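Any value given below was found using the heavy atoms of this structure, including those in side chains, with hydrogens, waters and symmetry copies removed. Since the model is a prediction, treat every value here as computed from it, not as a measurement. Per chain, numbering begins at 1; letters A, B, ... match sequence-line order.
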Protein chains: 2
Amino acid sequence: MAGATTSRKTGPGDAAAARADGELPVSRHYRRARRDRGADTRARLIAAALDVFGREGFEGATTREIAREAGANLAAIVYHFGGKEELYRAVAEYIVERTSGLVGPAVALASAPQATESVEAARATLFRMIETYVDVILGTDEAERWARFIIREQLQPTSAFDIIYRFMGGTHALGAKLVARILGRSEEDEEVRIRVFAMIGQIMVFRVAHALVLRRMEWPSIGEDERAAIRRVILLHVEAILEAEAGP
Amino acid sequence: MAGATTSRKTGPGDAAAARADGELPVSRHYRRARRDRGADTRARLIAAALDVFGREGFEGATTREIAREAGANLAAIVYHFGGKEELYRAVAEYIVERTSGLVGPAVALASAPQATESVEAARATLFRMIETYVDVILGTDEAERWARFIIREQLQPTSAFDIIYRFMGGTHALGAKLVARILGRSEEDEEVRIRVFAMIGQIMVFRVAHALVLRRMEWPSIGEDERAAIRRVILLHVEAILEAEAGP
DNA sequence: GTCTATAGTCGGATAGAC
DNA sequence: GTCTATCCGACTATAGAC
């Protein structure tokens, strides 16, 4: 990654340093006149950075392009975040926040003790979770950008990996808990964990191999109908997978 | 991508232009003294480029690093390929060649008319194909590099996409033919095609989410044993998926 | 075919006015 | 907080010796 920064002027991106200097971290909470002008720039920069980093990768992205797309000044990136690398991490945090919000209800349901009360409950919860993830991953306009960013981070983990991992690892663990209950196994079981990854793969492939999918399916894009078709097939598959095991 | 090149000196990377100038495209076929010194440099450059482009992406990769890793001179890239972009396309072609070679026997089997003679034959051929792909994608040392390169190309298709697509699209089509036969459907059937993508996803996820898989599975790497475990689960899943449909 | 030296471009970070 | 101007390092591509 880029050269490490040595010492720098104080900005909101450097909250800890600011406090150490005796300042109060009030930057985002001043009165109401011109309120949140800084926070607004910050938000626009993150949105633009998510897009550009996702399309071009960390190295390929230029701070100039991000600033232009955000309608902000080049120097604003250093001011608000400290530098390109810190902006990148801020984007990772933003993605985790946003996606956590979207899958929140389904995750809450799966985390509740009732979810594993019975095999039937676990099965219903798992299906609900899969539906939610298909819709979030394939349905949101934003998801394309998130996916690109996250996949790149998988290919070449950087300092932002841990931020992403907290979220994705949690999803896999939750899936493993449900599948373990359904199959009557331990959630530590190697096979259970592999199975959950295979299930995740069935959803993910439509995002990762997006360009290939569109060409082979002769779809102009993945819209409402296409997503419904995908959801149907995946639920059918998961059902078959679980049935086979529950059988003789 | 980088700025377009206008006019350039002639090199073997520019075979068409060379011929247009009246030269013969003999560069790789001269006598035996010092034979293939050029071809050797070329091959080392492609291997290094595959690695660096895969790790850093097109923009992130630098021709300096590629040249250094190849033990070649910086100017050799321009001489042999014409420039960074042409080298990138040469890598894509190399990947298709190599992988085609590895999956060749399985593809030949699946392409033969006997493969779809009966449902049983189609099923056996599909299983054979899946085993081969799991081994190639997860087993080869080189595959990690191929995968990184290919996935990046999916995220942000460049002029190399068509080269990759010929290969991947062919694989999906072959899978669709077999699955269609097994389920007694048309290979144009939308559901069949979605199902094949879902099957591919179950394999691919272990490459794409490699870092996540290692952490969650508590594996140091995907070796012989881990690959066997994955293969077992995926074959079980595919069997379950096909059974469910063939059933009542 | 391979090498060194360098031209020309562009990127991230900074200084300091407002 | 935002802006312009600028520095400086790193990159691709080229020229031309060997």
In whole Å, what is the span from the [atom1] atom of [X] to the [atom2] atom of [N]?
X: B/Glu56; N: D/dC11; atom1: CD; atom2: P; answer: 11 Å
X: A/Leu45; N: C/dG12; atom1: CG; atom2: C1'; answer: 15 Å
X: A/Tyr88; N: C/dG12; atom1: OH; atom2: C1'; answer: 17 Å
X: A/Glu59; N: D/dG9; atom1: CD; atom2: P; answer: 18 Å
X: A/Phe81; N: C/dA13; atom1: CZ; atom2: C1'; answer: 16 Å
X: B/Lys84; N: D/dC11; atom1: NZ; atom2: P; answer: 9 Å
X: B/Ile66; N: D/dT12; atom1: CD1; atom2: C1'; answer: 11 Å
X: B/Arg68; N: D/dA10; atom1: CZ; atom2: P; answer: 12 Å

| request: Verify the contact: side-chain N or O of A/Thr63 to OP1 or OP2 of C/dG12, cut-off strictly under 4.0 Å; return yes or no. | output: yes

| message | So, OP1 or OP2 of D/dT2: does either fall under 4.0 Å of a side-chain N or O from A/Thr41? | response | yes

Can you list, pair by pair, the side-chain donor-acceptor contacts under 3.5 Å of residues 60-78 of chain B, counting residues two or more places apart and other chains?
from    : atom 1 : to      : atom 2 : distance (Å)
B/Thr62 : OG1    : B/Glu65 : N      : 3.1
B/Glu69 : OE1    : B/Arg55 : NH2    : 3.2
B/Asn73 : OD1    : B/Ala75 : N      : 2.9

| message | Ring-plane angle category for A/Phe53 and A/Tyr88, please: parallel below 30°, perpendicular beyond 60°, tilted otherwise. | response | perpendicular

| Regarding B/Tyr79 and B/Thr41, is there a side-chain donor-to-acceptor distance under 3.5 Å anywhere? |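 Side chains of B/Tyr79 and B/Thr41: no pair found under 3.5 Å.
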
Output a table of nitrogen or oxygen pairs between the protein and nucleotides 4-10 of chain C separated by less than 3.5 Å.
from  : atom 1 : to      : atom 2 : distance (Å)
C/dT4 : OP2    : B/Asn73 : ND2    : 3.3

| request: With sequence neighbours left out, write down each residue that passes side-chain hydrogen bond (donor to acceptor under 3.5 Å, both in side chains) with A/Glu226, or none if nothing qualifies. | output: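 By the side-chain hydrogen bond (donor to acceptor under 3.5 Å, both in side chains) rule, A/Glu226 matches no residue at all.
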
| Can you list the residues that meet the side-chain hydrogen bond (donor to acceptor under 3.5 Å, both in side chains) rule with A/Arg166, with sequence neighbours excluded? | none

| query | Quick one: salt bridge (Lys or Arg N to Asp or Glu O under 4.0 Å) pairs with a partner in residues 99-108 of chain B, sequence neighbours left out? | reply | none

| task | Look at all strands and tell whether A/Ala61 reaches a base, only sugar-phosphate, or nothing, counting heavy atoms closer than 4.0 Å. | result |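 Counting heavy atoms under 4.0 Å across all strands, the contact made by A/Ala61 is with sugar-phosphate only.
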
| query | Relative to the 5' end of DNA chain C, which residue comes earlier, B/Ala72 or A/Glu65, by the nucleotide with the nearest heavy atom? | reply | B/Ala72

| request: For B/Val136, enumerate each residue passing the side chain to side chain contact (heavy atoms under 4.5 Å, CB included) test, keeping only those at least two apart in sequence or located in another chain. | output: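 Partners of B/Val136 under the side chain to side chain contact (heavy atoms under 4.5 Å, CB included) test: B/Leu102, B/Val103, B/Thr132, B/Thr140, B/Trp146.
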
